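All remarks here apply to the structure that follows.
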Amino acid sequence: MADNEGDVEFAGGTIGGSENVAYVQTLESFFEEAYKKKIEELSEFYPDKRSILVDFKDVEKFDPELADELLDNPEVILKAGKEAIANLGIKNASGDLVVPNIRIINLPQDRNKLVRDLTSVYLNKLVSVEGVITKITDVRPKLHVAVFQCKHCGRMYNIPQEDELYGKLTAPGVCACGRKDYKLLLENSTFIDMQKMQIQEPLEALVRGEQAKTIDVWLEDDLTRTLYPGDKIIVTGVLKLIPPKKKDTSVYGVYLKAISVQKKEKEFEEIEITPEEEEEIRKLANDPNIYEKLVRSIAPSIYGHEKVKEAIALQLFGGTKNKVFPDGTRVRPDIHILLIGDPGTAKSQMLYYVYKLAPKAVFVGGKSSTGAGLTATAEKDEFGEGGWTLKAGALVLASGGHAMIDEFDKMNPEDRDNIHEAMEQQRVSIAKAGIVTQFKTETSILAAANPKFGRFDPYQPPAEQFNIPPTILSRFDLIFPIRDILDTTRDKKMANHILTAHQVAGIINTKVEGIKDEEEVKKRVEEITPEIPPEFLTKYIAYARKHVNPVLTDEAIEKIQEYYTELRSLGSQQDTVPITARQLEALVRLAEASAKARLSDRVLLEDAERAVALHEAMMKEVGVDRKTGKLDYDIIATGQPKSKMEKAKTLLNIIKELQKHFDAVDLDKIKEEAKTAGIDEDEISDLLNILKKNGDVYSPRNGLYKTLEEE
Ligand code: ADP
Ligand code: MG
């Protein structure tokens, strides 16, 4: 270390001149008056604890002019502030001067900004932004005070580097010996911890469906190591320029150098609801036609799909939150829905519509996904400048709301592993490269997927047609196949719906006259206008999600129980598994959501009936073993009907038996034995494929099979 040990924090003599001296004096009396006690308390723990929070309002009260200066010239004032605190002469137990970091909080309203509002007007000024952390890098040491030695005369120079985040090192000028040739002495220099993160605007603050903007934020010293992706924070900091990488360009990037970071425990500013609106909301809740109105308010320009729309309506409200059993087990309240099926059936359109309707939502389109993914990852990338970056995906960012995931089947492999936990336990755990952490994913998923081979074949199990494993499929509460069926009556109606919707939209926008008479246009407009205006529906949903948490009544329980046991006993008669306990929870969630949709704190029989009807509709579409015509949930849960799985198991036993006599088993031998076990020859290759896919059997040579079990 160079000569001036005690005042390294503000070394280099950059604070000088009469102006600064005046600031230092004013600040000295400010800290003396308002913060001396706090600094003395801190001195007990200094330097382990080395920051004090300074409320902007205190500065303003003390000296409004100083407060203005702090807003417009933060770096000068904060430096002077440190000097002022040093002048107070407070020492810790070991006699070191206590010079904490000054962390300003509570900026005035007009300095609380959205990322998008951080224009060049605010360069080098103090601003606050709210946001959610999307990614954060490793903690790295950064040169704080560089010690340079003149190669000729050996003189040493302490040069503070604090303002140089992106640029080159600041070196001393010409040495006293008249030369300018230095060596950087790393071992004599001091370093400070640095971490870079990216924050995104809170989804709640965006106008429906807007794209959220991001900004990079630099954290230093004791602000590092305290934050994770997904954290909701308010950063107060100085807006600074990033020098361009290329030389001849005049366009700069900006970043925020954090002065303070506060975590928000609660959600961001929620949607504002006036007392008048609340009255409107209550009125709508009592409307006997509330459910039809809800369904007719979801994507009215899309023809048909009533069941899907009803399910989506319930999903928007969700089940009862914060249900924790006495043993601490938490039940997920969020409903997950998957739309699978033919291309061009308005799946994407529907997702986009719901995205705009939901009070808080993220939309992830298969290809447009920017690598951040669905869950969370730790990877080495450019943002981390070679180090690790921890990134939060859509489900983390939308926690507390909804995620629309288009082309769900095109998920990256890491997400594929993480998504089970994210969907059911509603968290993602990352343990990689020394990073061990968890993220909340309390998010409802509305996903869409296209089949692998063009069209959806109702005679094949969904798991075989979509690039989604059954373990993930079975975590959806409802799965709807959306099929493009040839049906003349329906086709005609739908064509008319779509075409006149285009026509009417055209007439309204262009005001071209004489195409259709006014009355008719009005009637059609009404048909494709949401029954409940979208802005109001969003508020209605937000209100219900916040205030209503319905509880099951005995009548509702009875209904669900009856449906469940009926299906189970049907299963034991026909040797299938039509429903599992997981589905029971799905039914509860749907029934709760139905009660929530009319702001009822009780789940009544009618709610249970609605849930059952939706579930039944789904089972009839995707839960039927087409060979036997029987209801069988195993088609979803294992990807195969139980009848087929049973046969596959039988076949596996046959191979195991034969293997006792042969090293590898010949296909003809398998066929022979299978026949006596009642398995058709034409089923065998299919069954062998299942066994191979499950890793039970492999084929060492063409026509020969072996089990994978240890001998
Ligand atoms: P997918 O995602 O299912 O492949 P898209 O959402 O991209 O399909 O829809 C393709 C187009 O067809 C959209 O412009 C959509 O509006 C239209 N379309 C398909 N089905 C309907 C429908 N039932 N009602 C209205 N428009 C429809
Ligand atoms: Mg699509």
Side-chain angles (χ1 to χ4, degrees), residues 208-209 292 294-313 315 336-358 361-370 374 394 402-412 415 445-458 462 465-468 472-473 476 478-509 521 523-531 534 617-618 621-622:
R208 299 163 2 101
E292 290 88 80
L294 285 172
V295 171
R296 268 187 282 143
S297 303
I298 291 175
S301 63
I302 293 169
Y303 176 81
H305 304 319
E306 261 77 25
K307 279 279 169 245
V308 178
K309 291 180 182 177
E310 188 181 344
I312 289 174
Q315 180 189 38
H336 300 317
I337 298 176
L338 175 63
L339 312 179
I340 50 178
D342 297 335
T345 48
K347 297 185 301 299
S348 298
Q349 282 277 28
M350 200 116 61
L351 256 56
Y352 192 67
Y353 195 95
V354 183
Y355 165 60
K356 290 198 292 180
L357 200 58
V362 168
F363 188 102
V364 188
K367 285 155 219 148
S368 71
S369 127
T370 50
L374 300 180
H402 296 82
M404 314 298 142
I405 308 172
D406 206 357
E407 312 200 14
F408 186 70
D409 44 320
K410 302 213 171 74
M411 190 180 344
N412 67 45
D415 282 338
I445 299 177
L446 176 58
N450 286 321
K452 275 189 280 193
F453 317 106
R455 278 187 183 278
F456 181 61
D457 177 355
Q465 304 184 61
F466 297 91
N467 196 13
I468 306 170
I472 296 179
L473 281 180
F476 282 97
L478 292 171
I479 299 175
F480 287 102
I482 311 235
R483 299 181 40 218
D484 194 358
I485 308 163
L486 294 173
D487 171 339
T488 315
T489 329
R490 190 177 171 276
D491 288 347
K492 207 165 154 187
K493 274 196 194 149
M494 178 162 131
N496 185 265
H497 182 99
I498 296 176
L499 294 173
T500 51
H502 278 262
Q503 183 185 40
V504 167
I507 291 174
I508 295 171
N509 290 335
V521 170
K523 195 166 143 263
R524 280 297 287 138
V525 167
E526 253 166 48
E527 260 172 52
I528 53 171
T529 303
E531 182 86 35
M618 163 185 99
E621 293 266 13
V622 287

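In listed order, ligands and their atoms are each counted from 1. For clarity, every value in this text was computed on a predicted model and none was experimentally measured.
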Who's the nearest protein heavy-atom neighbour of [atom], and how far?
atom                    : result
atom 1 (P) of ligand 1  : G344 N, 3.4 Å
atom 14 (O) of ligand 1 : Q349 NE2, 3.5 Å
atom 20 (N) of ligand 1 : A346 CB, 3.5 Å
atom 22 (C) of ligand 1 : Y303 N, 3.6 Å
atom 7 (O) of ligand 1  : S348 CB, 4.1 Å
atom 3 (O) of ligand 1  : K347 NZ, 2.7 Å

May I ask you to decide if [Y]'s main-chain N or O and [X]'s side chain share a donor-acceptor pair within less than 3.5 Å?
X    : Y    : result
K347 : D342 : yes
H402 : A361 : no
E306 : R296 : no
K356 : P534 : no

Within a distance under 4.0 Å of any heavy atom of [X], pick out the atoms of ligand 1 and give their elements.
X    : result
S301 : 25 (C)
P343 : 4 (O)
I302 : 22 (C), 23 (N), 24 (N), 25 (C)

For a quick test of reading the model, state the closest non-hydrogen atom pair linking [X] to [Y] and the distance between them.
X    : Y    : answer
I482 : H305 : CG2-CE1, 3.3 Å
A311 : I337 : O-CD1, 3.5 Å
A394 : V362 : CB-CG1, 3.7 Å
I302 : Q349 : CD1-CB, 3.6 Å
I472 : M411 : CD1-CE, 4.4 Å

CD1-CG distance between I445 and L338, expressed to the nearest 0.5 angstrom
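The CD1 atom of I445 sits 9.5 Å away from the CG atom of L338.
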If you round to the nearest 0.5 Å, how far is CD1 of I340 from CZ of F476?
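F476 atom CZ to I340 atom CD1 measures 10.0 Å (nearest 0.5 Å).
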Are F363 and S348 close enough that some pair of their side-chain heavy atoms sits under 4.5 Å apart?
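They are not in contact (no side-chain heavy atoms under 4.5 Å apart), so the answer is no.
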Would atom 27 (C) of ligand 1 count as contacted, meaning some protein heavy atom under 4.0 Å?
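Protein heavy atom within 4.0 Å of atom 27 (C) of ligand 1: present.
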Are any non-hydrogen protein atoms located under 4.0 Å from atom 11 (C) of ligand 1?
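It does not: no protein heavy atom is found less than 4.0 Å away from atom 11 (C) of ligand 1.
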Where's the contact between I498 and ligand 1, heavy-atom distance under 4.0 Å: side chain, backbone, both or neither?
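It is the side chain that touches ligand 1; the backbone stays farther off.
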Just the protein N/O/S atoms under 2.8 Å from the Mg ion (ligand 2), please, no waters.
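Listed by chain and number: S348 OG.
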